[in-house]
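Everything on this sheet refers to the single structure shown next.
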Amino acid sequence: MQFTGSSSFPFHLKLIIVLLGTFCDADPRISEAGQVCGTNMTLPSIIIPQYTKEMQVITQLVSEHGWGSSYAVNSTDISIYALANCYQDLPPNDCVQCFLISCSKLPTCLPAVSGRVYLDGCFIRYDYYNFFGETTDSFKDKVNCSSSFGRAVTDSDQVALAAAAGNLIENVTKKAINESDGYAVGKLNGIYGLAQCWRTVSKQGCRECLDKASEAIKGCLPNRDARALMTGCYLRYSTHNFLIHHSQATNKGLSKGVIIVIVFAMIAFSMLFLFVAYVARKKSLKRKQECINLGKISNSYKRSSLNFKYENLEKATNYFDPSTIVGQGGNGSVYMGTLPNGKVVAVKRLFFNTRHWVDEFFNEVNLIHGIEHKNLVKLLGCSIEGPESLLVYEFVPNKSLDQYLDDKNKIKVLSWKERLHILVGTAEGLAFLHGGSDMKIIHRDIKSSNVLLDENFEAKIADFGLARCLEADKTHLSTGIAGTLGYMAPEYLVKGQLTEMADVYSYGVLVLEIVCGRKNISLADDDSGYLLQTVWKLYTTNQVTKALDPILKDDFSPEEVSKVLKVGLLCTQASVTLRPSMSDVVQMLTTFGQPIPEPCQPPFLRSSSSIKRFVSDTLSKLDESCISSAMHSSSDGPHIN
Ligand SMILES: *[C@@H]1O[C@H](CO)[C@@H](O)[C@H](O)[C@H]1NC(C)=O
Ligand SMILES: *[C@@H]1O[C@H](CO)[C@@H](O)[C@H](O)[C@H]1NC(C)=O
Ligand SMILES: *[C@@H]1O[C@H](CO)[C@@H](O)[C@H](O)[C@H]1NC(C)=O
Ligand SMILES: *[C@@H]1O[C@H](CO)[C@@H](O)[C@H](O)[C@H]1NC(C)=O
Ligand SMILES: *[C@@H]1O[C@H](CO)[C@@H](O)[C@H](O)[C@H]1NC(C)=O
């Protein structure tokens, strides 16, 4: 489901917006001056309900103060920030009306990660990062040299207009910068002007923004009307008096028309909300059917030793002090904590609440708890009665493998022996998940940040088994979509086919990364981007050992290196049936003289920029495939049987 284009926008809502206009005789200045949507990334659909909630918060704020900003979920990979700001000459009722209309236009930008709508009376924006102090953006700032009032024709008119407009612009921008609310209007020789900085922008920022806006808007002369649509401000001049005449703006309270407008707006809102909720619901319907259990928290949970008290975990992590954060995942932040008995644990604070499916969640925790292997991070228990759901894991001190690959903050160089040991351990852990116990678990998110290292540099796989109730961390934005997708098997990425062979593929990518000492996809736009391709090329020309991390110098055996790289290539073959099972991989890596089949070509993507394009093209498909994999999780989901 996508929201792109106004055609999918609910018809009723459009109707109501048209009605809104006819009920009001004041001028809320609702004509659109411009809309800018982000282009190159999309939001994951799970954030959409959050977006709707935020708009409701902002509605409240705007109706009280004339502006409002809000944000959510800043502790995880995805956040959403929103800001709405009426230009201050609008009386409160008009402001609310203008806001509601801008707010109804904004979702046409979804599912892009950002959107802005400038009306002539107000501004609204959402984005995936904290933009509140932002003032200018050379890509997105625009001017609208409107032709609605024509242009000055004769030379003398043009000169007069330019002089008057120039003075007026200087006058209003100076005044706006000096005012605490960043707003000023003015009138000079029949020209009207308005400058408004967003309320979240600092005085200095307001100055920068308006300076740039004045420069830009002068480019519209000799037009009689123009607007600068900036990241941190709005500036307009016009020969038409568009300013609200405050003598007319009465304070007689809500008129009948306004009440009708508000009632309609509320209906519009609830419809938008229902529509969005419907979409979100459709997605998680099956999952919820499995997981929802509105009954009371089961007694078995209360008595269980897996039940951690929320207060204890709160104290253990010093009330979730940010300095105790040791990791970030798609489902929440991970804190280090010390329990009253002195035991050090890792506490994962889930970003969405599991209260509605407590029993199901607890059952899974119970099952996963039973899985013990030296290469798997042990789940100790959970807390589901407090305000947030928490998972408690054993603490693994040496951080995650990706931090040993990171060029900038590399912790230490792993020797060849250590790397091989880590790869064998990871393979053993995965083989165990795939079939070593009574249950079969597909991890579906194997990557270097999910492989932790203990005090002896033994690999421990994290974050497995709960995927049925939690989202797999694949559409999250800040760590880079491409980063996580670089590990995804092509059949899973494109068709949503999930078998343990998807884990084998991700493992293969991990092998190549660890041996070569760099990430599969570097986000830099050079052609060194795609590691799989580089290794394959070297392999076909018999120089595969050249792919080895150059930092290792002579401390390795060339036979071992080429064997391990060959195994990595075997795991990343495009054909699912050709990939070895994880137990085969363990055999190949640990048994001397074990014959290793010839690998076929891995799936190719020419460069990292083509990967980005591919990623954005497939994201919509991916979204659908996630739904279908959630829908069929009893047959092909990450499952336990
Ligand atoms: C510029 O503003 C006018 C008047 O509101 C509007 O009709 C027009 O669509 C705007 N132009 C763009 C490119 O948005
Ligand atoms: C998206 O485009 C903007 C410029 O329009 C650029 O700054 C940003 O880095 C791009 N993001 C990605 C992931 O390509
Ligand atoms: C997250 O939100 C809290 C307030 O709820 C704020 O104090 C904190 O600075 C925010 N963190 C980030 C990284 O934005
Ligand atoms: C604005 O313009 C008016 C009229 O020209 C002038 O009297 C006033 O001093 C100007 N104010 C500023 C801050 O430039
Ligand atoms: C700035 O505002 C103060 C009062 O708020 C006023 O005294 C001063 O004249 C203003 N300066 C300009 C340049 O408008």
Side-chain angles (χ1 to χ4, degrees), residues 3-7 9 13-14 17-18 20-22 24-39 83-91 94-110 112 114-127 136-152 161 165 168-169 172-173 183 185 187 190-196 198 209-210 212-245:
F3 290 84
T4 37
S6 55
S7 57
F9 203 59
L13 206 48
K14 281 186 187 156
I17 290 160
V18 174
L20 274 173
T22 60
C24 214
D25 38 6
D27 175 16
R29 291 209 309 248
I30 54 171
S31 51
E32 182 177 321
Q35 175 164 14
V36 185
C37 299
T39 49
L83 164 72
N85 206 139
C86 287
Y87 313 150
Q88 303 244 295
D89 59 331
L90 281 193
D94 288 352
C95 169
V96 170
Q97 199 183 341
C98 184
F99 162 75
L100 287 173
I101 286 169
S102 66
C103 185
S104 70
K105 287 176 186 249
L106 194 61
T108 56
C109 280
L110 287 171
S114 62
R116 310 172 181 196
V117 172
Y118 298 83
L119 301 188
D120 279 334
C122 58
F123 166 76
I124 189 165
R125 172 176 178 188
Y126 76 88
D127 222 312
T136 58
D137 178 333
S138 37
F139 290 106
K140 294 194 169 155
D141 288 346
K142 277 190 178 177
V143 283
N144 179 339
C145 304
S146 154
S147 54
S148 37
F149 298 100
R151 49 200 299 159
L161 180 69
L168 176 69
I169 290 166
V172 277
T173 54
Y183 154 81
V185 289
K187 170 175 178 263
I191 303 186
Y192 301 84
L194 183 154
Q196 173 82 61
W198 314 148
C209 185
L210 286 175
K212 197 176 160 206
S214 337
E215 277 316 302
I217 207 173
K218 282 177 193 159
C220 287
L221 289 166
N223 280 13
R224 295 186 195 274
D225 184 46
R227 306 159 179 87
L229 313 175
M230 313 295 286
T231 302
C233 62
Y234 169 94
L235 177 64
R236 179 178 181 187
Y237 78 82
S238 178
T239 52
H240 161 71
N241 185 358
F242 63 92
L243 303 175
I244 303 280
H245 312 296

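Counting convention: from 1, in listed order, for ligands and their atoms alike. Here the structure is a predicted model, which means the values were calculated and not measured.
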- [ ] Please say whether Ser148 places an N or O atom under 3.5 Å from an N or O atom belonging to ligand 1.
- [x] no
*Can you name the closest pair of heavy atoms from Cys86 and Cys122 and give their distance?*
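Here Cys86 and Cys122 meet closest at CA-CB, 3.8 Å.
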For disulfide (SG to SG under 2.5 Å), just list the numbers for Cys233 and Cys209, CA-CA rounded to whole Å, side-chain angles, deciding distance to a tenth of an Å, and then say yes or no.
CA-CA 6 Å; Cys233 62; Cys209 185; 2.1 Å; yes
**OP:** Among all protein heavy atoms, pick the one closest to atom 6 (C) of ligand 1 and tell me residue, atom and distance.
**Re:**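 For atom 6 (C) of ligand 1, the nearest protein heavy atom is Glu32 O, 3.4 Å.
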Residue, atom and distance of the protein heavy atom nearest atom 14 (O) of ligand 1 read Ala33 O, 3.4 Å
Within 4.0 Å of some non-hydrogen atom of Asn144, the atoms of ligand 1 are 1 (C), 2 (O), 3 (C), 8 (C), 10 (C), 11 (N), 12 (C), 14 (O)
*Does any N or O in the side chain of Asn223 come within less than 3.5 Å of the main-chain N or O of Cys145, such that one atom is a donor and the other an acceptor?*
yes
Exercise. Measure from the side-chain N and O atoms of Tyr234 to the backbone N and O of Leu194, and report whether any donor-acceptor pair falls under 3.5 Å.
Key: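 Absent.
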Test item, Lys142 contacting ligand 1 (heavy atom, 4.0 angstrom):
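Heavy atoms of Lys142 never come under 4.0 Å of ligand 1.
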| Using 4.0 Å as the upper bound for N to carboxylate O, is an ion pair formed by Arg29 and Asp89? | yes
